[in-house]
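Below is one structure; the comments refer to it alone.
The figures that follow rest on heavy atoms only: side chains count, while hydrogens, waters and symmetry mates do not. In what follows, residues are counted from 1 in the order of the sequence shown.
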Amino acid sequence: MSNSTNITNPMKVITGKDTRWSYANVWEPKSINGGTPKFSVSLIIPKSDTVTVNKIRAAIQAAYDDGQAKLKGNGRSVPPLSALKTPLRDGDIERPDDSAYADSYFVNANSTTAPGIVDADRNPILTRSEVYSGVYGRASINFYAFNSNGNKGIACSLNNLQKIRDGEPLGGKASAESDFATDDDDDFLD
């Protein structure tokens, strides 16, 4: 008889299948402003996906509760969660000119270690062109409290990604497939 118990981490969230990936920097770590190179992705979550949004809000609260000593630091008290920077942001407010973020929330997740990336059948994706800004998929993310150089809040780390389906590429660059979708030659030398 096995006595193993299923321990759940209240700060871990698996997003819904309609989460769209933007700024997908998941193959090579990238340094921002000379900082530690990290893998990162912006996860665009439709406001209609209330299950994922509520799981994220609960995980942020759990990270706040778990990180009270860190958040207090040398201060006398722990700042209220409402006063801290949190990772769940409103696309309509913060990205009003970007239609990809309309009627959505977003979370920026990053990690110093490469995320595992699988397809809908949980097979590893090794072809880099399969994962791009605009695909839809699930993400495994963790929330945690931070207190660094006077900045306090809740942050989000990236664990793994599961691509569910293709989407229109974000960033304005056309795919090779769409550029060469017709056999018409633009022969302007006639």
- prompt: Hey, any chance I141 and L88 share a hydrophobic cluster, counting ILVMFWY side chains that come within less than 4.5 Å of each other, even indirectly?
  reply: yes
Heavy atoms of S42 and Y23 approach each other most closely as CB-CD1, 4.1 Å
When rounded to the nearest 0.5 Å, the distance separating CG of L81 from CD1 of I60 is 7.5 Å
Any side-chain heavy atom of I45 sitting closer than 4.5 Å to one from I56? yes
Between L71 and F146 the two heavy atoms that sit nearest each other are CD2-O, 3.6 Å
Nearest heavy-atom contact between Y105 and V53 is CD1-CG2, 3.7 Å
OG1 (T86) and CZ (F143) are apart, to the nearest 0.5 Å, by 9.5 Å
* **Donor-acceptor contact present, side-chain Y132 to main-chain W21, <3.5 Å** => no
- Query: So, does R138 use its side chain to make a donor-acceptor pair with the main chain of K17 at under 3.5 Å?
  - Reply: no
- [ ] Please report the C-alpha distance between Q162 and I14 in whole Å, then the side-chain angles of each, then the deciding distance to 0.1 Å, and finally whether the side chain to side chain contact (heavy atoms under 4.5 Å, CB included) criterion is met.
- [x] CA-CA 10 Å; Q162 180 185 34; I14 307 293; over 6 Å; no
Heavy-atom closest pair (C156 atom, V107 atom, distance to 0.1 Å) is SG-CG1, 3.6 Å
Quiz item: Just by distance, do the side chain of D119 and the backbone of D121 share a donor-acceptor pair under 3.5 Å?
Solution: yes
Original post:
Would you say the side-chain atoms of S133 pair up with the backbone N or O of A24, donor to acceptor, closer than 3.5 Å?
Top reply: yes
Discussion item. With a 4.5 Å cut-off on side-chain heavy-atom distances among I, L, V, M, F, W and Y, is there a chain of contacts connecting L43 to W27?
Written reply: yes
Rounded to the nearest 0.5 angstrom, the NZ-NZ distance for K70 and K152 is 12.5 Å
Output for pair (R128 CZ, I117 CD1), nearest 0.5 Å, gives 9.0 Å
- Should V135 and L161 be counted in the same cluster of Ile, Leu, Val, Met, Phe, Trp and Tyr side chains packed under 4.5 Å apart? yes
Check: Same cluster for L158 and M11 if Ile/Leu/Val/Met/Phe/Trp/Tyr side chains link at under 4.5 Å?
Finding: no
Inset, instruction - Indicate if V131 and L170 have the same hydrophobic cluster label, given that clusters are the connected sets of ILVMFWY residues with side-chain heavy-atom separations under 4.5 angstrom. - result: no
Separation between OG1 (T52) and CG (D18), nearest 0.5 Å, reads 8.5 Å
For the residue pair Y101 and F106, does the interplanar ring angle fall in the parallel (under 30°), tilted (30 to 60°) or perpendicular (over 60°) class? perpendicular
Rounded to the nearest 0.5 angstrom, the CG-OH distance for D166 and Y136 is 11.0 Å
Q.
Taking NZ in K12 as the centre, count heavy atoms belonging to other residues, nucleotides or ligands within less than 6.0 Å. Is the count above 12?
A. no
| request: Give a yes or no answer on whether the side chain of N25 reaches the backbone of K38 with a donor-acceptor pair at less than 3.5 Å. | output: yes
Donor-acceptor contact present, side-chain S104 to main-chain A102, <3.5 Å = yes
| message | Less than 4.0 angstrom from a charged side-chain N to a carboxylate O is my criterion; do D90 and K47 meet it? | response | yes
Nearest heavy-atom contact between G137 and T15 is O-OG1, 3.9 Å
In short, G35 meets S31 closest at the heavy-atom pair O-OG, 2.6 Å
query: Any side-chain donor-acceptor pair under 3.5 Å between S140 and N160?
result: no
